[in-house]
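Following: one structure in structure tokens, then a few remarks.
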Protein chains: 2
Amino acid sequence: MNFDPMIPIWLQVATSIKQQIVTGRLPPGAKLPGGRDLALQYGINPNTAARIYQELEREGVCQTQRGLGTFVTDSGETVQRLREEMARGAVSRFLADLKGIGMNREDAIELIRKEDNTDDHQ
Amino acid sequence: MNFDPMIPIWLQVATSIKQQIVTGRLPPGAKLPGGRDLALQYGINPNTAARIYQELEREGVCQTQRGLGTFVTDSGETVQRLREEMARGAVSRFLADLKGIGMNREDAIELIRKEDNTDDHQ
DNA sequence: CATAGTGTACTATGCACATAGTGCACTAAG
DNA sequence: CTTAGTGCACTATGTGCATAGTACACTATG
């Protein structure tokens, strides 16, 4: 994974995991890697990994059981809600960005239509 | 201005100024507030304000003259290029966000169409 | 009970960000 | 020349992020 130095690593990894959850690549109830393994996989520090799971639990996406590990929530409804929430967040960030440079929703749709499609089909 | 604690203040203010430039509220050649004034206006430290102007100059958006102040670039072409660059950035961030949660360009347009329009007309 | 895997807690270091404060140099205007 | 406004340089402090390393507690398994 390529980290953006402008964004905290724990946030980037947490987002990556949430994306895997809402796309079903990590189904409800799935066991996540242990903190030390997660650190190895992403090339980060175990302390940072622990913090990531704490954040995911705080958001209700995962549950942690001492001595057992961290697991994706069992509630498919929670996962669906998370997906919609992430979509809404992306849309409102996008529209706010465009509004800041004097563009509206129509302009937004036009921009997306004209956007280069390289690597958009995967 | 309301600062997001997750994003460096200098970045947020620099973005705000660039938005004012590309929307014409700060026309080419306009004089920007002095570093100390900028700090007062945004409620930040003069050191941070100085850094913001350094960043804007690094991006070619502003020019600084010692003893005189900092000014918006004279080149309307540069301003137009900046606006397009900011728009492209917003679009690609948005599409990357949606792709991360398993949505494509068609979904994006649909989401924007259905988006709540409260305070979208200004 | 012994072990491996796990979460949790703690100290310490380096870095960037933001703050506070001071001083100096340059420019234009009186 | 003096003054006000300005950019610029420097030291110092506090905070959050990320790292490194160590130690302890819980759980399941054999």
Side-chain angles (χ1 to χ4, degrees), chain A residues 1-21 26-74, chain B residues 1-21 26-74:
Chain A
M1 184 158 177
N2 247 14
F3 292 121
D4 178 346
M6 283 300 312
I7 303 174
I9 290 178
W10 66 264
L11 220 190
Q12 297 181 59
V13 176
T15 301
S16 164
I17 294 175
K18 286 195 286 185
Q19 287 176 344
Q20 295 176 46
I21 291 175
L26 283 173
K31 182 182 185 311
L32 295 169
R36 296 166 179 82
D37 283 350
L38 185 72
L40 283 180
Q41 284 177 28
Y42 281 92
I44 61 178
N45 191 277
N47 295 315
T48 306
R51 171 174 191 170
I52 289 163
Y53 284 153
Q54 286 166 14
E55 170 67 14
L56 291 177
E57 186 167 18
R58 197 190 62 78
E59 295 186 30
V61 188
C62 298
Q63 274 112 37
T64 290
Q65 290 173 272
R66 185 182 180 115
L68 290 180
T70 303
F71 304 83
V72 178
T73 177
D74 268 324
Chain B
M1 183 159 177
N2 245 16
F3 292 121
D4 179 346
M6 284 298 313
I7 304 175
I9 291 178
W10 65 265
L11 220 191
Q12 297 181 59
V13 176
T15 301
S16 164
I17 294 176
K18 285 194 288 183
Q19 287 176 343
Q20 296 175 45
I21 292 175
L26 283 174
K31 182 182 186 310
L32 295 168
R36 295 166 179 82
D37 283 351
L38 185 73
L40 283 180
Q41 285 178 27
Y42 281 92
I44 62 178
N45 191 278
N47 294 315
T48 306
R51 171 174 191 169
I52 290 163
Y53 284 152
Q54 285 166 16
E55 171 66 14
L56 292 177
E57 186 168 18
R58 197 190 63 77
E59 295 186 30
V61 187
C62 298
Q63 274 112 35
T64 291
Q65 291 173 272
R66 185 181 180 119
L68 290 181
T70 302
F71 304 83
V72 179
T73 177
D74 268 323

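Numbered from 1 within each chain, the chains take letters A, B, ... in sequence-line order. All figures in this text were calculated on a predicted structure; none of them were measured in a lab.
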Rounded to the nearest Å, what distance is computed from the CD atom of residue A/Gln12 to the P atom of nucleotide D/dC17?
-> 13 Å
Rounded to the nearest angstrom, tell me the gap between atom CG in A/Leu40 and atom C1' in C/dG5.
-> 14 Å
Taking CG from B/Asp4 and P from D/dG16, how many angstroms apart are they, rounded to a whole number?
-> 15 Å
Rounded to whole angstroms, how far apart are CG on A/Asp37 and P on C/dG7?
-> 9 Å
Under-4.0 Å side-chain N/O to phosphate OP1/OP2 contact, A/Thr70 with C/dT6 = no
Any chance you could list the contact pattern along nucleotides 24-30 of chain D? Use B for base contacts, S for sugar-phosphate-only contacts and - for none, protein heavy atoms under 4.0 Å, 5' to 3'.
-> -BBSS--
Taken to the nearest whole Å, CG/A/Asn45 to P/C/dT11 is 17 Å
Kindly indicate whether the side chain of B/Tyr42, heavy atoms from C-beta on, has any atom under 4.5 Å from the side chain of B/Thr48.
-> no
Between A/Met6 and A/Tyr53, just flag the one whose closest nucleotide in DNA chain C comes earlier from the 5' side.
-> A/Tyr53
Whole Å only: how far is the CD1 atom of A/Ile44 from the P atom of D/dA20?
-> 11 Å
Heavy atoms, side chains only, cut-off 4.5 Å: are B/Trp10 and B/Ile44 in contact?
-> no
Whole-Å distance between C/dT19 P and B/Arg51 CZ?
-> 11 Å
In terms of heavy-atom contacts, A/Ile21 and A/Cys62 come closest through CD1-SG, 4.2 Å
Mind running side chain to side chain contact (heavy atoms under 4.5 Å, CB included) on A/Thr70 and A/Leu56 for me, showing each step along the way?
-> CA-CA 10 Å; A/Thr70 303; A/Leu56 291 177; 6.0 Å; no
To the nearest Å, how far apart are A/Gln54 CD and C/dT6 P?
-> 17 Å
Taking the side chain from A/Thr15 and the backbone from A/Leu11, do they hold a donor-acceptor pair closer than 3.5 Å?
-> yes
Please give the nucleotide sitting opposite D/dG30 as a Watson-Crick or G-U wobble pair, both distances under 3.5 Å, or none.
-> C/dC1
Within a strict 4.5 Å, meaning less than it, do heavy atoms of the B/Leu32 and B/Leu38 side chains meet?
-> no
Can you check whether B/Asn47 has a side-chain N or O nearer than 4.0 Å to OP1 or OP2 of C/dT19?
-> no
Heavy-atom check, side chain of B/Asp4 versus side chain of B/Gln12, under 4.5 Å = yes
Indicate whether OP1 or OP2 belonging to C/dT19 is found under 4.0 Å from a side-chain N or O atom of B/Thr48.
-> yes
